[in-house]
Amino acid sequence: MICLGCSCLCDDIECEIGEEIKVGNACLRGFRRIDSINENRLTPRVERKEENIDDTIKSAAKLLEEAKNPIIFGPENSTLETEKEAIELAKKAGAIIDNMSSFGYSGYLVEKIFRKEVNTCTLDETRDDCDVSIYWGCDPMSSHPRMMSRYSYYPRGKNRQRGWEQDRDAISIDVRRSLTAEICDKFIKVPPGRDFELMKAFKDVLSGKIPKFGDKKSIMKIGNLIKKAEFGVLFTGLGLNYSINHIDDFIDLVKDTGFRLQPIIEGIGLNKLLFDETGHVNKINYKDKSYGIENNFVEALKGDIDTALIIGSDVASNIPLKLAKRLREINCIYVGPHSNLTSHISKVNIPTAVCGIESAGKAYRMDLKEEDLEKIVDSNFLPDQEILKRIGDAL
Ligand code: SF4
């Protein structure tokens, strides 16, 4: 089976779900997703009172119908079919649609890649050819635990037969010594918010100058390694995105190095569908077909949003407490398989099947490789795409 625990979508997972749950090949995160499938399941509720599923769907539709300024957020780990339904629902409800990619600059970088303004590559090309990988502001060993072992560092690739010992170099750039930094050959600790100065230092080395920032000797060594790379890949994450104000300078640096850019991102399927339709990957308001920062989930929540439909994302755990309280005050509907803080503060809870285990569909890996997800076990829960469709039909 394919694991939907993160956007690596590992396709070699062995899984048996019976009285006992047996899982092979998955990382701990993937194992927990399967092993804990029956824990903490969401129950259908309206205003904390248990209801049947039809009534929760009707209540959700009513809230969206009465909303003046609704927003739809997510889904994160779901299928392309669900992402399509989320967009259709946003159109019907005249809602903003956004996802986690608008926190920081992940979405911005993905949009540049879709526009072909920055080079990228597939994870399979990374495995076969990459000789230098950089992890800037990301910690895949924690967030995407098998990415380095399957693609970017440890495996023997078609043209990298000697593997990490001789054929590959890995560099971590982060504000702290992360798990990824622990296994990389080189690590640069960059003080929070000072990535821009480090970028300038690398630009200096690339143009043959002495850098003026940080540990000049190691920056020069890494700069020279970057210069010599035959097939370099730069992975980024929220750490970089939160601390760089000069994101276009960062893109210029990536172009100067000749590296391929791979943002480590969840929910890229929604980004692609929105891009194909609107030319933007997130922050779309279907009320007036506008695109802009005011449609970012956090900004919208600070504004006059009165209803939020959250699909499979525990967004309340990822925003400041003040905004989580605001989410509790408005009409919040949560659609997802398990209870979490977001479901707890929502007025309507609609449980769903767990995608890729209890329901099938298609999904994109982080590099847009399309995978078919199988249904492994039967369940009484409806797939999330069906829930969204039924809300849309009831509008
Ligand atoms: S790396 Fe991601 S996709 Fe692969 S097994 Fe772990 S959680 Fe699942």
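One-based numbering, in listed order, for ligands and for the atoms of each. Please read all numbers here as calculations on a predicted model, not as lab measurements.
Looking at Leu9 against ligand 1, only its backbone comes within 4.0 Å, counting heavy atoms.
Between Arg177 and Lys189, every side-chain heavy-atom pair lies at or beyond the 4.5 Å cut-off. With a 4.5 Å cut-off on side-chain heavy atoms, Ile391 and Ile350 count as touching.
Tyr135 and Ile188 fall into different hydrophobic clusters, where Ile, Leu, Val, Met, Phe, Trp and Tyr are joined by side-chain heavy atoms under 4.5 Å apart, directly or via other members. In the hydrophobic cluster analysis, where Ile, Leu, Val, Met, Phe, Trp and Tyr join through side-chain heavy atoms closer than 4.5 angstrom, Val132 is grouped apart from Ile183.
The shortest contact between atom 2 (Fe) of ligand 1 and any protein heavy atom is with Cys6 SG, 2.3 Å. Of the protein's non-hydrogen atoms, the one nearest atom 4 (Fe) of ligand 1 is Cys10 SG, 2.3 Å. Among all protein heavy atoms, the one lying closest to atom 1 (S) of ligand 1 is Arg146 N, 3.4 Å.
At a threshold of 2.8 Å, atom 2 (Fe) of ligand 1 has no backbone or side-chain N, O or S atom of Cys27 nearer than that distance.
A pairwise comparison of heavy atoms in Ile13 and Cys3 identifies CG1-CB, 3.7 Å as the closest pair.
Residue Cys3 approaches ligand 1 through these ligand atoms, each under 4.0 Å from one of its heavy atoms: 3 (S), 5 (S), 7 (S), 8 (Fe). Every atom of ligand 1 is numbered from 1 in the order shown, and the set under 4.0 Å from a heavy atom of Gly30 is 7 (S), 8 (Fe).
The cationic group of Arg194 does not satisfy the cation-pi geometry with Phe213, failing either the under 6.0 Å distance to the six-membered ring centre or the 45° limit from the ring axis.
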